[in-house]
Amino acid sequence: MATSNAHDLDCLTIAELEKLAAERMDKQTRDYYNEGADHGSTLAENMSAYQKYRIRPRVLRDVSSVNTSVSIFDYTNSIPLGVAPTAMQGLAHPDGELATARACKNTGIVMGLSSFSTTSLEDVKGALGPGHPAALQLYLFEEREESKRLIQRAKKAGYKAVFLTVDTPVLGRRNLEIRNQFKLPKHLKVANFNRDEDAHHSADSKEDKKKPDEETGANQSRKRTQDSDSKRTPPKGPITFHTHAPNPTLVWERDIAWLKEICHPEMQVWVKGIATAEDALLACHHGVDGIVVSNHGGRQLNGALATIDALPEVVEAVRSQSKKIPVHVDGGIRHGTDVFKALALGADFVWVGRPVLWGLAYKGQEGVELCLKLLSDEVRLCMGLAGVTKVEDIGKEYLVKLDRSGFMSRL
Ligand SMILES: Cc1cc2nc3c(=O)[nH]c(=O)nc-3n(C[C@H](O)[C@H](O)[C@H](O)COP(=O)(O)O)c2cc1C
Ligand SMILES: CCCCC(=O)C(=O)O
C-alpha cells in the first residue's frame, strides 16, 4: 500500500478511531466488540505488554525505499498484517463483512472471516475477487457433518486456509454480554448456517429451523458449561454462536487429523489460540500448517498471559523443529510500532481485530481502509526511523526489554 498524504483530520490514530466508533455503535454492539472476559485484565495487558519493549533505532542506512510487503498464501500482502476474523460485522455497519472485504482488496491485505459472519463466505470471497487470499476461521462443531459442509464450501469458494480456533472449548465469561442479554437483531443472521440450501442435509426437526434466538442460546451455552460432564449433551436446534462455537470435546489426536483429511491439499490447516511452547510443539507434531498465538483478544481466559509475552516461547519451540511453520500473533496491536515489535520478537505476521471493527463502525468500507492505512503508514514510518528497509530484516537486535524497575536489557 502506498503512503498517501490525504488524511482524515478527525482521525489520525487508532485511539481516535476507537472514540469515533464508540459514538456510532449502539450499547449492545459496543460492549460486545470492546469487552474482554471477566475483569478484562488480559485484554488490557495484551496492549500494555507492548510497552515493555523499546526500539533500538539504527541510523545512516538509506531508507529512501522501504518495502513493507510480505508473502502470505502466495500473495504479496502490502504489510505484515491481516484482518483477524471477528464475528457478526453486520452489527457495526449495514455492509458488514462486504465492506471489510472491499477494504482488504483495495489495500492489498489478507482477510480472515469468522464462521459466524453475517455475510456468507461465498459472498465475501466474491467481494475479495479470485486472486485475493482469505482464511476461514473455524469453530469445529460437535455435529461434524455441518462443519464438513462448511469446509467444503470454503474450499470451493477458494479460501486458502482454515484457522481452527482452539481457545474456545467453553465460552469465556463476558459480563456485559450477559447483562445486555446479547441478541442478534432480527434483520441480521449468521449467514453461513441455517440456510434453506442446508435444509435437505439436516435431520433437524422443523421446529429447530426457526430463527435462532441468541438470548436462549446464551442461556443454553452457560447451562452446558455449568453442567457436570455426565449431564452434558451436544447442542440441539439452530446454529448460534453461543450454542455451537464452544466445543469442549476437541482433542489434538482425532480432530487435527480429521481436519487435515478434509482440507488438504487445497486448504491449509492452522490453529488459532496457542499460548505455550508445549502446545506449539504439539501443533508441529500433528502437522498443522501454521500457528496463531492468540488469547482471542482477551475474551476467553482472563488472567492468561498477554500474547506478546507468549510469543517468544512459541517461536523458540517452533524454531527447534526441523520443519519450520509460520508463527503469527494477534491481540492488542494498536500501532505500527506494535507490529514492528511483534516481528522483532519472531512473529512472521500479525492480525488485528477490534481496530478494524472500529473502522467499520466509523465509516463502513472507507473506515476500514482508514484503519488499515493508518497502521500501514505507521509500519512504514517505524521501519524507516528504525533503519530497516525490508520486513525480513526486523529482528530482536532492534529491541530492548524493560523490567519492572525500568532496567533495560538486550534480547
Ligand atoms: C467482537 C469480536 C468477535 C470475534 N469473533 C471471533 C470469531 O468469531 N472467531 C475467532 O476465532 N476469533 C474471534 N475474535 C478474536 C479475533 O480473531 C482476534 O483474536 C482478536 O480480536 C485479536 O485481538 P484485538 O481485538 O486486540 O486485535 C473476535 C474478537 C472480537 C473483538
Ligand atoms: C463463541 C464466540 C463466537 C464469537 C467470538 O469468537 C467472540 O465473540 O469472541
Side-chain angles (χ1 to χ4, degrees), residues 14 18 21 25 28-37 40 42-50 81-92 96-97 100 111-118 121 135-141 162-174 176-178 182 184 190 192-193 214 217-218 220-222 224-225 235 239-248 270-275 292-301 304 306-308 328-335 338-339 342 350-361 371 375:
I14 298 296
E18 178 174 6
M25 290 186 276
Q28 170 180 271
T29 300
R30 189 169 56 241
D31 286 349
Y32 170 66
Y33 281 178
N34 289 354
E35 89 170 316
T42 294
L43 167 66
E45 250 186 70
N46 272 352
M47 292 176 277
S48 63
Y50 276 95
L81 174 149
V83 167
T86 55
M88 301 179 285
Q89 297 185 1
L91 290 167
E97 292 84 2
T100 306
M111 175 163 174
L113 181 73
S114 168
S115 283
F116 284 91
S117 53
T118 41
L121 65 87
L136 177 71
Q137 176 275 331
L138 192 71
Y139 283 118
L140 194 48
F141 298 160
V162 296
F163 280 17
L164 175 67
T165 298
V166 292
D167 55 22
T168 311
V170 291
L171 194 62
R173 187 174 170 98
R174 298 139 187 209
L176 298 178
E177 200 183 300
I178 294 170
F182 180 95
L184 195 58
V190 285
N192 288 322
F193 308 109
E214 290 283 348
Q220 193 184 334
S221 168
R222 270 191 291 285
R224 288 175 67 217
T225 307
I239 292 170
T240 74
F241 79 88
H242 282 121
T243 52
H244 284 66
N247 180 351
W270 289 53
V271 281
K272 171 177 180 287
I274 298 293
V292 184
V293 175
S294 176
N295 54 31
H296 214 112
R299 298 162 72 80
Q300 283 295 102
L301 176 62
T307 48
I308 197 67
H328 295 186
V329 66
D330 74 18
I333 291 161
R334 302 290 181 266
H335 195 276
D338 298 337
V339 180
V350 309
W351 298 80
V352 290
R354 292 180 183 84
V356 172
L357 295 172
W358 298 331
L360 190 60
C371 168
L375 291 166

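Order of listing sets the numbers, starting from 1, for every ligand and every atom in it. Numbering starts at 1 and runs along the sequence shown.
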Item to check | Smallest separation among heavy atoms of M47 and L43, with atom names | outcome: CE-O, 3.5 Å
Give one line per pair: atom of ligand 2, protein atom, distance. Only N/O to N/O under 3.5 Å.
| unit_1 | atom_1 | unit_2 | atom_2 | d |
| --- | --- | --- | --- | --- |
| ligand 2 | 6 (O) | Y139 | OH | 2.6 |
| ligand 2 | 6 (O) | H296 | NE2 | 2.7 |
| ligand 2 | 8 (O) | Y32 | OH | 2.6 |
| ligand 2 | 8 (O) | R174 | NH1 | 2.8 |
| ligand 2 | 8 (O) | R299 | NH2 | 2.9 |
| ligand 2 | 9 (O) | R174 | NH1 | 3.3 |
| ligand 2 | 9 (O) | R174 | NH2 | 3.2 |
| ligand 2 | 9 (O) | H296 | NE2 | 2.9 |
| ligand 2 | 9 (O) | R299 | NE | 2.7 |

Checklist entry - Do side-chain atoms of D330 reach the backbone of V292 as a donor and acceptor pair under 3.5 angstrom? => result no
Checklist outcome for this item: protein heavy-atom neighbour closest to atom 28 (C) of ligand 1 works out as T86 CG2, 3.8 Å
Checklist entry - Identify the closest protein heavy atom to atom 18 (C) of ligand 1: which residue and atom is it, and at what distance? => result D330 OD2, 3.3 Å
Item to check | Taking atom 12 (N) of ligand 1 as the reference point, the nearest protein heavy atom with its distance | outcome: K272 NZ, 3.0 Å
Checklist entry - For ligand 1, which atoms have a heavy atom of G331 less than 4.0 angstrom away? => result 22 (C), 23 (O), 26 (O)
Next on the checklist: Under a 3.5 Å threshold, yes or no: a donor from one side chain and an acceptor from the other, between E97 and T118?
Outcome noted: yes
Next on the checklist: As an exercise, identify every atom of ligand 1 less than 4.0 angstrom from a heavy atom of S294.
Outcome noted: 19 (O)
Checklist entry - Tell me: protein heavy atom nearest atom 11 (O) of ligand 1, and distance? => result T165 OG1, 2.6 Å
Checklist entry - Side chains of T307 and N295: donor-acceptor distance under 3.5 Å anywhere? => result no
Item to check | Expected output: side-chain E35 to main-chain E177 donor-acceptor under 3.5 Å | outcome: yes
Item to check | Within reach of ligand 1, part of M47 (heavy-atom separation under 4.0 Å) | outcome: neither
Checklist outcome for this item: ring pair (Phe, Tyr, Trp, His ring centres under 6.0 Å) filter on Y50, not counting sequence neighbours, yields none
Checklist entry - In the protein, what heavy atom is nearest to atom 21 (O) of ligand 1, and what distance, to one decimal place, separates them? => result G353 CA, 3.6 Å
Item to check | Ring centres under 6.0 angstrom apart (F193, Y139) | outcome: no
Item to check | Structural part of Y33 in contact with ligand 1, heavy atom criterion under 4.0 angstrom | outcome: both
Checklist outcome for this item: Near S114 (heavy-atom distance under 4.0 Å), the atoms of ligand 1 are 7 (C), 8 (O)
Checklist entry - If you measure from each non-hydrogen atom of Y139 to ligand 1, which part falls under 4.0 Å: side chain, backbone, both or neither? => result side chain
Checklist entry - Taking N or O atoms only and a 3.5 Å limit, does P85 qualify as a polar contact for ligand 1? => result yes
Checklist entry - If you count the atoms of ligand 1 from 1 in the order shown, which ones are under 4.0 Å from a heavy atom of A84? => result 17 (O)
Item to check | 4.0 Å heavy-atom contact, F116 with ligand 1 | outcome: no
Item to check | Heteroatom distance test (R299, ligand 1): nitrogen or oxygen, under 3.5 angstrom | outcome: no
Checklist entry - Where does H296 meet ligand 1, judged by heavy-atom distances below 4.0 Å: at the side chain, the backbone, both, or neither? => result both
Checklist entry - Does R334 approach ligand 1 within less than 4.0 angstrom via side chain, backbone, both or neither, non-hydrogen atoms only? => result side chain
Checklist entry - In the protein, what heavy atom is nearest to atom 3 (C) of ligand 1, and what distance, to one decimal place, separates them? => result A87 N, 3.4 Å
